[in-house]
*Asks:* 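Below is one structure. I have some questions about it.
Each chain gets a letter, A, B and so on, in the order its sequence line appears, and its residues count up from 1.
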Amino acid sequence: MTANAIVQMIAVLGPVALDLAPKLAAVWHKESLTPEEVLALCAPARKSYDQGIVEVRTRLAALGIQLPPSAAAS
Amino acid sequence: MKKTALTLWATIWIIVTFASGCSTTNTAGRLLATTVQSVDAGMQGWWTYEVLGYATPDQVALVRESYGEYQAAELLAEDAYVAYAKTGDESAWQRAADGLRGAQGHLLQLLEQFQKKKGPP
């Protein structure tokens, strides 16, 4: 995992790249990866759109970030 | 149009190629996992954008649809990957991987396009 690669990822994805970089490094540095482990790593794809919204709302609320009225009400 | 997807894939390629101690076994599985993790990261940013009130209803509808298409392509890719891991037949996996790349590229393109202008609602 090079510093330049991480900087590029941050430029494309924003701050979420800081979470993504170690996850990708773990995928590629692991000595062996079984199909079962691959499928486990693919679990985020099961997340529905609405589940993603709930996840983010929960995280922002935990950080004390006030949401706009329209987002908080729905 | 495909700048975001190409940039992301180029970045991932850089990481894969130049990262020290990179393992090359089960490349198909690693690429599949990398795709899923990368899309999830992009969607985390989008969901934050939407929750903070920056996305329009039309944009949300388009991203929601594209995300559904990505999920369908990813399921196909998983099945194809499992079959490839069992039988060694790469043809179905390659087709599914191409479909997944296309869906991922379209989704990431939308995310970049819609999040170009950020500001208070």
Side-chain angles (χ1 to χ4, degrees), chain A residues 1-61 65-72 74, chain B residues 3-4 7-8 10-26 28-54 60 63-64 67-68 70-71 74-75 77-78 81-82 84-86 108 111-112 115 120-121:
Chain A
M1 182 67 60
T2 65
N4 282 342
I6 293 173
V7 167
Q8 270 194 298
M9 287 175 63
I10 292 172
V12 172
L13 295 173
V16 293
L18 294 174
D19 290 329
L20 177 60
K23 288 178 183 175
L24 294 187
V27 170
W28 288 96
H29 287 181
K30 199 166 166 27
E31 189 66 32
S32 65
L33 202 63
T34 66
E36 292 73 26
E37 289 171 319
V38 169
L39 295 181
L41 287 166
C42 291
R46 298 283 176 279
K47 196 186 311 176
S48 73
Y49 192 96
D50 292 327
Q51 283 175 315
I53 291 288
V54 169
E55 194 177 287
V56 166
R57 277 211 190 108
T58 303
R59 187 163 60 241
L60 293 179
I65 295 173
Q66 197 169 7
L67 299 177
S70 57
S74 56
Chain B
K3 179 186 171 188
T4 300
T7 304
L8 183 57
T11 303
I12 292 171
W13 179 82
I14 289 168
I15 294 168
V16 168
T17 304
F18 295 109
S20 61
C22 179
S23 179
T24 56
T25 61
N26 194 3
R30 294 175 199 270
L31 284 174
L32 178 57
T34 298
T35 300
V36 170
Q37 296 287 334
S38 302
V39 168
D40 188 59
M43 287 304 295
Q44 291 290 331
W46 170 256
W47 283 319
T48 303
Y49 187 77
E50 179 183 339
V51 167
L52 291 176
Y54 297 150
V60 170
V63 172
R64 198 182 270 270
Y67 184 67
Y70 151 76
Q71 286 187 299
E74 194 278 337
L75 273 178
E78 276 193 32
Y81 163 71
V82 169
Y84 172 39
K86 283 183 182 171
L108 294 181
L111 299 188
E112 185 190 32
Q115 294 178 91

*Asks:* Could A:Asp50 and B:Arg64 be called an ion pair, given the rule that one side-chain N must be under 4.0 Å from one carboxylate O?
*Replies:* yes
*Asks:* Give a yes-or-no answer on whether the side chains of B:Gln44 and A:Arg59 include a donor-acceptor pair shorter than 3.5 Å.
*Replies:* yes
*Asks:* Side chains of B:Trp47 and A:Lys47: does their closest heavy-atom pair fall under 4.5 Å?
*Replies:* yes
*Asks:* Checking the side chain of B:Gln37 only, and the main-chain atoms of A:Lys23 only, is there a donor and an acceptor separated by less than 3.5 Å?
*Replies:* no
*Asks:* With side chains defined as the heavy atoms from C-beta onward, is the minimum distance between A:Trp28 and B:Leu31 less than 4.5 Å?
*Replies:* yes
*Asks:* Identify which part of B:Leu111 has an atom lying under 4.5 Å from any heavy atom of chain A, answering side chain, backbone, both or neither.
*Replies:* neither
*Asks:* CG of A:Leu60 to CG of B:Leu52: how many Å apart, nearest 0.5 Å?
*Replies:* 5.5 Å
*Asks:* Hey, are the side chains of B:Met43 and A:Tyr49 touching, using non-hydrogen atoms and a 4.5 Å cut-off?
*Replies:* yes
*Asks:* Please report the shortest heavy-atom distance between B:Gly29 and A:Val38, naming the atom on each side.
*Replies:* O-CG1, 3.5 Å
*Asks:* When rounded to the nearest 0.5 angstrom, what is the spacing between CD in A:Glu55 and OG1 in B:Thr48?
*Replies:* 9.5 Å
*Asks:* Looking only at non-hydrogen atoms, find the nearest pair between A:Cys42 and B:Glu74 and report the distance.
*Replies:* CB-OE2, 3.5 Å
*Asks:* With side-chain contact (heavy atoms from CB on, under 4.5 Å) as the test, would you mind laying out the steps for B:Glu50 and A:Ile53 before giving the verdict?
*Replies:* CA-CA 8 Å; B:Glu50 179 183 339; A:Ile53 291 288; 3.4 Å; yes
*Asks:* Can you confirm whether A:Leu41 sits close enough to B:Val36 that some side-chain heavy atom of one is under 4.5 Å from a side-chain heavy atom of the other?
*Replies:* no
*Asks:* In terms of heavy-atom proximity below 4.5 Å to chain B, should A:Glu37 be classed as side chain, backbone, both, or neither?
*Replies:* neither
*Asks:* Between A:Arg46 and B:Glu78, is there a side-chain N and carboxylate O pair less than 4.0 Å apart?
*Replies:* yes
*Asks:* Please report the closest heavy-atom contact between B:Asn26 and A:Pro35, naming both atoms and the distance.
*Replies:* ND2-N, 4.5 Å
*Asks:* Does any heavy atom of chain A fall under 4.5 Å from the side chain of B:Ala85, the backbone, both, or neither of them?
*Replies:* side chain
*Asks:* Specify the closest pair of heavy atoms between A:Leu20 and B:Ala41, including all atoms of both residues, with the distance to one decimal.
*Replies:* CD2-CB, 3.8 Å
